[in-house]
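FYI, side chains are in, hydrogens and waters are out, and symmetry mates aren't considered; it's all heavy atoms of this structure.
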Amino acid sequence: LQELINNQSLVPVPPEAFLSVLLPAAAAGRMDVVRTMMGAADQHLALQGAKPLVYHPEDLIAVIKAAGAAGDTALIADAWARLQQDVQAKPTTAAAASFKSNPSSNPVVESLPGRPSPAAVKAVIKAYVDAREFGKALQLVTELEEVYGGTHATSAYGGLAFLAIDALQREEDIAALFTQIKARKDAGQPVSTVMMNLVCRAVGRMGNVEATGKVFQSYEAWGLQPDADSYNAVMESCMRAKKVAAVEGLISYMTSKGVEPNVQSWNILLSTAAEAKHASAAASAVERMLASGVRLLKTNAGKALKLAHEQRSESLLQLLRRANEQQGLGLQRQAFDGWWRRGRGGDGGNGSSGTNAGRSGRVDTWQQGLPLQQRQQQAQGKQQEESEQPEQVLEQQASSKTEEAQLLRKSVRAGLAAALGAAMNQ
């Protein structure tokens, strides 16, 4: 291809030829080749008097993602500028299917005419975060809100959930993002509830209730109105700490403030109750969800179903049966046949055989209600756990090092809480 470009006066190079090299180069992380091909395409087509190469948005998104992973902010900016410029034009070629994102993990929000899609903006935000350019990422969040504000695309539990789940897993990255938000505020630039939700959820997923509370306090201090995602982030931190009463109290509090709990709010409550082995709280959550027409997430329904069998909770089991019938959760009917009602387990009869039968019946019954894929994953996890048992001896020998690592992590988390508190006080 380079030889054809060098002999451009003799052999015109079709635009598709540049893409045939550019996309695999992006996938291989060869940013030098990507820049060369983009520049060569511009120069060659201009000399040939041909129309400029118009990229398909998915092609440029692939380049942006690769540039973010490589920390090449200049290429991110170049590809993003091209995407914005070409969004109204017909692409030269369709994007390769291997570079398309999974629609099931990226719920579609309709793109506005002449504007980049939410998926494209999301890719650029992710790329800048990967490159640790948090200021530029926040500017893209602002632009996303201007076009798609109030939709799934701008939710910390929707289109921007990837930031808290994947991109902001280190304490220093969360602190850096919070610092950039404060810098925007100090500079008189707009700071939004959506931005704070990203920090609040990232901290909340760490299970640090105290630090999450400090972030939540900054909403009022900065004149921001918390929304359902804001409260959900605090509830998520309580969920990881298995504080059922705290989650219930937060739902009551947000309602008193005129903020309606949404589907995530109720599912967080159900998940917390199931994780904390609190059957009555789980039954109450399911009952309230059914009354409000809120759909149970299948994962949480599975957790609650397991809890109902473990604690022989007839009320929780019947409520889950109703939810399964009304909402079509896909749990099999035999999952709601309480093993204790069939004389398998519970009293156990004489000796240990009844106990073993009861335990086996309990596990088999609730697992039968789960999707096949989930049951297979659990079986694989059990096999992996059994295969890792010999390694536990080595882990015990390294217990002193593990304790040191835990102390270090606690120290870092304490430092994050202190940094957030100091920034707020300033």
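- In this structure, Val259 and Ala228 approach most closely via the heavy-atom pair CG1-N, 3.6 Å.
- Separating the NZ atom in Lys242 from the NZ atom in Lys277 is a distance of 7.5 Å, to the nearest 0.5 Å.
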Exercise. Would Asp229 and Asn262 count as a side chain to side chain contact (heavy atoms under 4.5 Å, CB included) if you check the C-alpha gap in whole Å, the side-chain angles of each, and the deciding distance to 0.1 Å?
Worked result: CA-CA 9 Å; Asp229 284 353; Asn262 58 18; 4.1 Å; yes

Exercise. Going through the distances and angles, do Val34 and Val21 end up as a side chain to side chain contact (heavy atoms under 4.5 Å, CB included)?
Worked result: CA-CA 8 Å; Val34 172; Val21 178; over 6 Å; no

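- Residues Arg240 and Met206 are not in side-chain contact: their nearest non-hydrogen atoms beyond the backbone lie 4.5 Å or more apart.
- Side-chain contact between Phe216 and Val203: absent, with no pair of heavy atoms (C-beta onward) separated by less than 4.5 Å.
- Contact check for Leu83 versus Val124: no side-chain heavy atoms found under the 4.5 Å cut-off.
- Between Ile251 and Pro261 the shortest heavy-atom distance is CG2-CG, 3.9 Å.
- In terms of heavy-atom proximity, Ala79 sits nearest to Leu60 at O-CD1, 3.9 Å.
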For this session: Kindly determine whether Thr212 and Cys200 satisfy side chain to side chain contact (heavy atoms under 4.5 Å, CB included), including the steps that lead there.
Result: CA-CA 6 Å; Thr212 310; Cys200 199; 3.8 Å; yes

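- A donor-acceptor pair under 3.5 Å is formed between the side chain of Thr142 and the backbone N or O of Leu138.
- Rounded to the nearest 0.5 angstrom, Leu297 CG and Ile268 CD1 are separated by 9.5 Å.
- Residue Tyr219 forms a side chain to side chain donor-acceptor pair (under 3.5 Å) with just one option from Asp227, Asn197, Thr193, and that option is Asn197.
- Atom CD of Glu275 is separated from atom CE of Met239 by 7.5 Å, given to the nearest 0.5 angstrom.
- Ser192 and Glu145 share a donor-acceptor pair across their side chains, judged by distance under 3.5 Å alone.
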Problem set entry | Check against side chain to side chain contact (heavy atoms under 4.5 Å, CB included), Ile61 and Trp80 | CA-CA 8 Å; Ile61 288 175; Trp80 174 233; over 6 Å; no

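- Here the straight-line distance linking atom CG of Asn324 with atom CG of Leu331 works out to 4.5 Å at 0.5 Å rounding.
- When only modelled atom types and interatomic distance are considered, Glu236 and Tyr157 share a side-chain donor-acceptor pair under 3.5 Å.
- Salt-bridge check for Arg82 with Asp42: passed, with a basic side-chain N closer than 4.0 Å to an acidic carboxylate O.
- Put simply, the side chain of Arg201 reaches to within 4.5 Å of the side chain of Ile165, judged on heavy atoms.
- No side-chain heavy atom of Tyr128 sits under 4.5 Å from any side-chain heavy atom of Ile64.
- Contact annotation: the side chain of Leu22 never approaches that of Asp59 to less than 4.5 Å [non-hydrogen atoms, C-beta and beyond].
- Residues Ile76 and Val63 have side chains not in contact (no heavy-atom distance under 4.5 Å, counting atoms from C-beta outward).
- Between Phe178 and Trp222, the distance separating the two ring centers is shorter than 6.0 angstrom.
- Here Glu248 contributes atom CD and Leu250 contributes atom CG; the two are 10.5 Å apart, rounded to the nearest 0.5 Å.
- Arg30 CZ: 12 or fewer foreign heavy atoms inside a 6.0 Å radius.
- Side chain of Ser237 to backbone of Val234: a donor-acceptor contact under 3.5 angstrom is found.
- Between Ser271 and Lys303, the side chains place a donor N or O and an acceptor N or O closer than 3.5 Å (distance only, hydrogens not considered).
- Taking all atoms of both residues into account, the shortest heavy-atom contact from Leu316 to Ala304 is CD2-O, 3.5 Å.
- Side-chain contact between Ser265 and Met235 is present, with heavy atoms from C-beta onward closer than 4.5 Å.
- Here the closest heavy-atom approach between residue Thr272 and residue Cys238 is recorded as CG2-O, 4.4 Å.
- Partner of Met195 under the side chain to side chain contact (heavy atoms under 4.5 Å, CB included) criterion, out of Leu224, Leu160, Leu177, Val141: Val141 alone.
- Heavy-atom minimum distance, Pro118 versus Ala153: CB-CB, 3.8 Å.
- At least one donor-acceptor pair closer than 3.5 Å links the side chain of Asn267 to the backbone N or O of Val263.
- To the nearest 0.5 Å, atom OG of residue Ser284 and atom CG of residue Leu269 are 7.0 Å apart.
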